[in-house]
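One structure below.
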Protein chains: 2
Amino acid sequence: MNRSILNKCVLFEGLSEGSLEYALDFFNAQEKQYKKGWQLHHEGDVMRNFGLVLSGQIQVFMDDFDGNRMIMANVTPGTTFAESLCYLKRISPVNIEAVLDSTVLVMNTDRLNSPSASPSQMDLQLAGRFTAMLAGRALSMNDRIQILSKQSIREKVITLLSQHSSRESKGLVRLPFSREAMARYLGVNQSALSRELSNMAKDGIIEFKGSSFHIL
Amino acid sequence: MNRSILNKCVLFEGLSEGSLEYALDFFNAQEKQYKKGWQLHHEGDVMRNFGLVLSGQIQVFMDDFDGNRMIMANVTPGTTFAESLCYLKRISPVNIEAVLDSTVLVMNTDRLNSPSASPSQMDLQLAGRFTAMLAGRALSMNDRIQILSKQSIREKVITLLSQHSSRESKGLVRLPFSREAMARYLGVNQSALSRELSNMAKDGIIEFKGSSFHIL
DNA sequence: GGTTTTTCGTTGCATTTGCAATGTATAATC
DNA sequence: GATTATACATTGCAAATGCAACGAAAAACC
């Protein structure tokens, strides 16, 4: 199993070999393979597991009455899905499917939901890590909501860039998005995004090349 | 202190008198008063506390460079704010202010972040409740993102209504929003929302009166 | 190195939505 | 009951954006 992928996830980041083994057991981790197109979970079923993508790509989506697929998340290696629904043992409103041949670490929260009477230090630490994962997710969802709430593409772009610009790298931002993915994240049309980026450059607000942006 | 308000929050819901006392101590709860306009927290400071609004109204917001106030949340009695930032001990990007004279239960997560070596059953239960609160928040943020991602007002309205329509009350939805609040939640202009609601009624998709909707 | 595929930018056009001004109904206050 | 305030609806107009078709550049493949 790929250690460098596991290290990207708060649940397992920086654990020693022995602790990692313990952690995997704690979450009942099982490595599973899914062929492209296979469905991991169906809407209406209780969400009993959550997952960490090791390779490939997993899609969380809903089909509304018109048959339009609404993509909730495209999950790539190193990131997790369905933790909240799993922890709350909710009936799931979403479907989950492999969009590429994928390997997934399938886990559950049984030992969090029914903790042992006297949990070990490690158990407590893992519970804390799970909570931290949820908290971190809430923050990133907040960032997204902030962007989606802006009315103009220009405002969305500026907000996105300022979210990704650190104190050090003054005004220099490299986004982890293709243009298409960036447009989807902002909730706008790809052509319209390209147009607006050009306009912003023309107006002297930004410079950019590919996914590297410079705020002026 | 108002029990019925506390009961609205997962942290304290359904606790016996003694357990409640314990829970309040566990989170270091302190009841504080804030006059309208007072600022509870400033951007850039570490978020050391989270809060439960007992009365009044609290606003979480950011001021972007142009001086526009971007409202992240309007927090009303029975609901909490800043839990994620507090748990992760992050430097806060947001300001928090009382928009009305308010009473707030100010708490912290110290005993979650550094759990005792052998926590009691109650400690474990409270930690679980905190996690459940974060998970629940993630789900509701997900609902919001789903709505904000739709391009048209009509789609947003339909999505909102279907999120609030239960299996029983076939097509009948009473929203907990004024029209103005509904528009803000959908991220659209209030007039445009009214226009589109009228159009949808004209097209025979819905009927409505005030905040009561009937999906046809 | 050439071909194919993918990604991104450009542009014309139709539509939607924001905006602002104003109208109307309902509730609150005196 | 009259007055004021608040919430919601209506509408004309301008601007922004979605959409679609196409072109160019870059990347991937053989």
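Note on naming: letters A, B, ... go to the chains in the order of the sequence lines (proteins, then strands), and numbering restarts at 1 for each one.
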Using ring-ring contact (aromatic ring centres under 6.0 Å, His included), reason through A:F130 and A:F50 one step at a time and then give a plain yes or no.
CA-CA 12 Å; A:F130 188 84; A:F50 69 103; 5.7 Å; yes
Under the side-chain contact (heavy atoms from CB on, under 4.5 Å) rule, what do A:N49 and A:H41 come out as? Steps first, then yes or no, please.
CA-CA 9 Å; A:N49 303 291; A:H41 179 85; over 6 Å; no
Criterion side-chain contact (heavy atoms from CB on, under 4.5 Å) on B:F27 and B:L52, from CA distance to verdict:
CA-CA 11 Å; B:F27 292 112; B:L52 168 63; over 6 Å; no
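A distance of 8.5 Å separates OH of A:Y87 from CG of A:L134, quoted to the nearest 0.5 Å.
Here C:dT16 presents its P atom at 11 Å from CD of B:E155, a figure rounded to the nearest Å. Rounded to whole Å, the distance from CZ on A:R154 to P on D:dA15 is 14 Å. B:N199 has its CG atom 10 Å from the P atom of D:dT11, to the nearest Å. The CG atom of B:L197 sits 12 Å away from the P atom of C:dT17 (whole-angstrom rounding). Rounded to whole Å, the distance from NZ on A:K209 to P on D:dA27 is 8 Å. Here the P atom of nucleotide C:dA20 and the CG atom of B:N189 are 9 Å apart, to the nearest Å. Rounded to an integer number of Å, the gap from CG of A:L193 to P of C:dC8 is 10 Å. Rounded to a whole Å, the CE atom of B:M182 is 10 Å from the P atom of D:dA9.
Here the nucleotide nearest the side chain of A:I153, chosen from D:dG18, C:dT17, D:dC8, is D:dG18. When distances run from any side-chain atom of B:R195 to the nucleotides C:dT17, C:dG9, C:dC8, the shortest one goes to C:dT17. Listed nucleotides: D:dG18, D:dT10, C:dG9. Nearest to the side chain of B:S191: D:dT10. Which of D:dA9, D:dG18, C:dG18 sits closest to the side chain of B:V188 comes down to C:dG18. Side chain of A:S152, nearest nucleotide from D:dT17, C:dC19, D:dA9: D:dT17.
Side-chain atoms of A:Q30 and A:N28, non-hydrogen and from C-beta on, never get closer than 4.5 Å to each other. Taking the side chain as every heavy atom from C-beta outward, B:R154 and B:D203 approach each other to under 4.5 Å.
Taking side-chain N and O atoms only, A:S198 has a distance below 4.0 Å to OP1 or OP2 of C:dT10. For the OP1/OP2 pair of D:dA9 and a distance below 4.0 Å, the side-chain nitrogens and oxygens of B:R179 include at least one atom meeting the criterion.
Shown are A:N95, A:I96, A:V94; of these, the side chain to side chain contact (heavy atoms under 4.5 Å, CB included) with A:M72 is made only by A:V94.
Sorted by first and then second residue, the pairs that involve residues 172-191 of chain A and meet ring-ring contact (aromatic ring centres under 6.0 Å, His included), not counting sequence neighbours, are A:F177-A:Y185.
Checking A:A181 against A:A192, the closest nucleotide of DNA chain C that is more toward the 5' end is the one next to A:A181. When each of A:E196 and B:E180 is assigned the nucleotide of DNA chain D with its nearest heavy atom, B:E180 is the one assigned upstream, toward the 5' end.
Contact annotation for A:S194: base contact, defined as any heavy-atom pair under 4.0 Å involving a base atom. Within 4.0 Å (heavy atoms only), A:Q190 reaches at least one base atom of the nucleic acid.
Across its full length, the helix from C:dG1-D:dC30 to C:dC30-D:dG1 shows an angle of 50° between the axes of its 5 terminal pairs at either end, rounded to 10 degrees.
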